[in-house]
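Read the structure below first, then the notes.
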Amino acid sequence: MTGCRVLVVEDETLIAILVEEILAEMGCQIVGPIAKLETALQTARDGGFDIAILDVTIRGGKVYPVAEELIARGVPFILASGYGDWALPPALREKRRLTKPFTPTELEEQVRLLVSEVGRSQAGS
C-alpha cells in the first residue's frame with residue numbers, strides 16, 4: 001500500500017477527512033480531495049494516480065464522466081454512494097461500490113482490492 005496514489009473525489013468535508021486519514025494510515029498518498037466535477041474530470045484526464053475513490057454526487061453533478069474517463073484509462077475505482085444500483089447508469093452497475101455510510105474497515109478492504117487489481121494488471125503488462 002505504501003506509495004499507492006489515490007484520487008479522492010468527495011465533496012462532504014467530514015467524509016473526505018475520514019477517507020484521507022484512513023488512506024494515510026495505510027501508507028497511501030492522497031490526490032485531492034476534489035469536490036467539484038470539473039476539477040475531478042481534469043484530474044482524471046491528467047492522471048498521476050493508481051486508483052480512485054469517487055463520491056457519486058459532487059458539486060457540479062454526478063461523477064459519471066470521471067468514471068468513464070477512468071474506465072478508458074484502465075484505472076480501477078470505487079463508487080461511494082448511499083443510493084442503490086438503480087441510481088447508477090447500467091455501465092457502472094458492476095463497478096466496485098462502497099455504500100455510505102461505510103466503516104473504516106470496509107474502505108480499507110475495498111482499497112486493498114483495488115490495489116491488488118493494479119498489481120495484477122501491471123504483472124500482465
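The model shown is predicted, which means the values in this text are computed figures rather than measured ones.
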- Please check if any side-chain donor atom of T57 sits under 3.5 Å from a side-chain acceptor atom of K62, or the reverse.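 The criterion, which ignores hydrogens and geometry beyond distance, is satisfied for K62 and T57.
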
Considering non-hydrogen atoms only, spot the tightest contact between [X] and [Y] and give its length.
X   : Y    : value
I71 : K95  : CD1-CE, 3.7 Å
P89 : Y64  : CD-CZ, 3.4 Å
P76 : L114 : CB-CD2, 3.6 Å
P65 : L37  : CD-CD1, 4.4 Å
G47 : R73  : CA-NH2, 3.5 Å
I78 : V111 : CD1-N, 4.1 Å

- Message: Tell me if a side-chain donor or acceptor on E12 pairs with a main-chain N or O of L14 at a distance below 3.5 Å.
- Response: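 Checking the backbone N and O of L14 against the side chain of E12, no donor-acceptor pair under 3.5 Å is found.
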
- For R5, does its backbone N or O pair with a side-chain atom of D50 as donor and acceptor, under 3.5 Å?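 Yes, because the side chain of D50 sits within donor-acceptor range (under 3.5 Å) of the backbone of R5.
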
- Item | From CD (E117) to CZ (F77), nearest 0.5 Å |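 Here the interatomic distance stands at 10.0 Å.
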
- Task: To the nearest 0.5 Å, tell me how far D11 CG sits from D55 CG.
- Result: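 So the gap between those two atoms works out to 5.5 Å.
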
- Message: Are more than 12 heavy atoms, taken from residues, nucleotides or ligands other than K36, located less than 6.0 Å from that residue's NZ atom?
- Response: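 Atom NZ in K36 is not crowded, with 12 or fewer foreign heavy atoms closer than 6.0 Å.
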
- Query: When you look at CD of E38, are more than 12 heavy atoms from neighbouring residues, nucleotides or ligands closer to it than 6.0 Å?
  - Reply: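 No, CD of E38 has 12 or fewer neighbouring heavy atoms, counting only those of other groups under 6.0 Å.
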
